[in-house]
Amino acid sequence: MIEEAPAKAFYEPLGVGRFASTAATAGPWSPDFQHGGPFSGLLGRAFERHDPLPGTRVARVTVEILSPVPVAELEVRVRTVRPGKRIALLEGEIVHAGRTVVRATAWRIMAAPPALDSVVHAPGPPPLPATTPPFPSWPGVHTGGYLSAMEWRTVEGSFGQPGPGTVWARARVPLVAGEPDTPLVRALTLADSASGIGSQLEHAEWMIINTDLTVALHRDPAGEWLCMAASLDASAGGSALCQATLADRDGEIGRALQTLLVDEHR
């Protein structure tokens with residue numbers, strides 16, 4: 001793993017919903033285009049700050065990736081589609097140079113009463129490994145952006161190797177300079193890595209691009225470290241679907257889902 005993070009934050013605030021993207025946002029395929037994690041976190045941050053209502057929480061976020069997002073200045077916009085005290089639907093977009101590159105929706109719902117008995121069927125996460133191993137060799141991949149801005153501790157599988165995977169991870173830098181990350185932001189910043197962690201397809205042979213990301217959390221995560229166990233299903237004549245379970249040290253917190261295009265490298 002690179003000793004120094006590529007920047008002090010994923011984004012620098014410019015005011016009025018505008019942000020300067022740093023080198024830390026760059027994805028694995030090009031230093032010029034972003035990984036989906038940081039801009040998903042940026043939308044989650046905007047949803048939480050839009051007309052906040054005490055006693056409610058953002059329970060689900062779906063991000064639709066309309067085109068590659070450049071490492072450049074971005075503007076985030078949010079509006080309320082369906083207002084309500086118990087249930088509200090929010091809509092957001094990320095704009096670059098006057099063009100919408102990402103759309104998203106979020107359900108903000110009333111928090112369940114404290115008297116509710118928690119019901120969780122997923123097993124507890126594996127223990128957090130004590131050390132961070134060196135980042136594996138991954139030919140042709142840009143590791144100097146998002147991948148090195150996160151700290152990874154692998155439990156099962158390996159980046160760039162086919163097969164299901166389980167990792168613990170945390171951001172080494174804040175999403176926005178000068179402010180702490182919220183639990184929702186931490187979950188969204190990690191979740192778009194599911195198809196990289198859990199792919200059963202050989203990246204050198206197949207081009208795999210996710211068109212979206214849905215994250216649904218039945219509770220907010222606690223602490224910096226999050227665990228993600230991911231796997232991918234693909235069918236000839238169809239497409240691919242990546243599913244992941246998200247957890248913190250206290251147990252499972254929710255799910256992530258990605259729809260993916262699969263094609264031969266041309």
Side-chain angles (χ1 to χ4, degrees), residues 25 27-30 33-41 43-44 59-69 102-106 121-123 125-126 136 138 140-143 145-147 150 152-171 184-218 221 226-248 252-265:
T25 64
W29 311 124
S30 169
F33 294 104
Q34 297 192 33
H35 186 279
F39 63 73
S40 296
L43 283 160
R60 190 228 69 189
V61 174
T62 294
V63 178
E64 311 283 2
I65 306 169
L66 305 183
S67 69
V69 178
V102 182
R103 293 190 187 277
T105 57
H121 298 287
W138 198 353
V141 169
H142 175 65
T143 60
Y146 171 85
L147 290 178
M150 300 287 290
W152 309 93
R153 295 191 183 177
T154 303
V155 176
E156 176 189 8
S158 175
F159 281 106
Q161 298 298 319
T166 301
V167 301
W168 284 89
R170 65 177 176 182
L184 176 66
V185 164
R186 289 196 294 272
L188 289 169
T189 302
L190 171 63
D192 195 63
S193 301
S195 58
I197 292 168
S199 178
Q200 277 100 307
L201 300 177
E202 176 58 64
H203 286 272
E205 181 179 357
W206 299 101
M207 179 178 67
I208 308 167
I209 301 174
N210 67 297
T211 59
D212 56 34
L213 169 69
T214 293
V215 176
L217 303 176
H218 63 80
L226 294 180
C227 183
M228 181 159 65
S231 62
L232 183 145
D233 298 291
S235 298
S239 55
L241 189 68
C242 186
Q243 305 176 68
T245 298
L246 297 169
D248 59 17
E252 187 254 336
I253 59 171
R255 302 284 195 277
L257 188 69
Q258 296 169 304
T259 309
L260 301 106
L261 164 74
V262 180
D263 195 7
E264 296 175 320
H265 285 293

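Since we're looking at a predicted model, the values are computed, not measured.
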Can you tell me how far [atom2] of [Y] sits from [atom1] of [X], rounded to the nearest 0.5 angstrom?
X      : Y      : atom1 : atom2 : answer
Ile197 : Leu232 : CD1   : CG    : 12.5 Å
Ile208 : Leu261 : CD1   : CG    : 9.5 Å
Leu257 : Thr62  : CG    : OG1   : 8.5 Å
Ser239 : Asp263 : OG    : CG    : 12.5 Å
Ile253 : Cys227 : CD1   : SG    : 9.5 Å

[X] vs [Y] side-chain heavy atoms within contact, under 4.5 Å:
X      : Y      : result
Leu188 : Leu43  : no
Val141 : Leu147 : yes
Asp192 : Phe39  : no
Asn210 : Cys242 : no

Backbone N/O of Pro221 and side chain of Asp248: donor-acceptor pair under 3.5 Å: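 Pair absent, no side-chain N/O of Asp248 close to backbone of Pro221.
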
By side chain to side chain donor-acceptor pair (under 3.5 Å) - contacts of Ser67 (at least two apart):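 Here the qualifying residues are Arg99.
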
Salt bridge (Lys or Arg N to Asp or Glu O under 4.0 Å) involving Arg255 - partner list, sequence neighbours excluded: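 Checked Arg255 against salt bridge (Lys or Arg N to Asp or Glu O under 4.0 Å); matches are Glu252.
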
Results of salt bridge (Lys or Arg N to Asp or Glu O under 4.0 Å) for Arg103 - residues two or more places apart only: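 For Arg103, the residues satisfying salt bridge (Lys or Arg N to Asp or Glu O under 4.0 Å) (neighbours in sequence not counted) are Glu93.
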
Any idea which heavy atoms bring [X] and [Y] closest together, and the distance?
X      : Y      : answer
Leu190 : Met228 : O-CE, 3.7 Å
Ala106 : Val61  : CB-CG2, 4.1 Å
Met150 : Ala169 : CE-CB, 4.4 Å
Val185 : Thr189 : O-OG1, 2.7 Å
His142 : Gly27  : CD2-O, 3.4 Å
Val63  : Ala104 : CA-CB, 4.1 Å

Test applied, side chain to side chain donor-acceptor pair (under 3.5 Å); reference residue, Thr259; option that passes from Asp212, Thr211, Thr214: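 Of the listed options, the one satisfying the test is Asp212.
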
Tyr146 and Trp152 aromatic ring geometry - parallel, tilted or perpendicular at 30°/60° bounds: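 Taking Tyr146 first and then Trp152, their aromatic rings stand perpendicular (interplane angle over 60°).
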
Pair Leu217-Leu184, side-chain contact (heavy atoms from CB on, under 4.5 Å): steps then yes or no: CA-CA 9 Å; Leu217 303 176; Leu184 176 66; 4.1 Å; yes

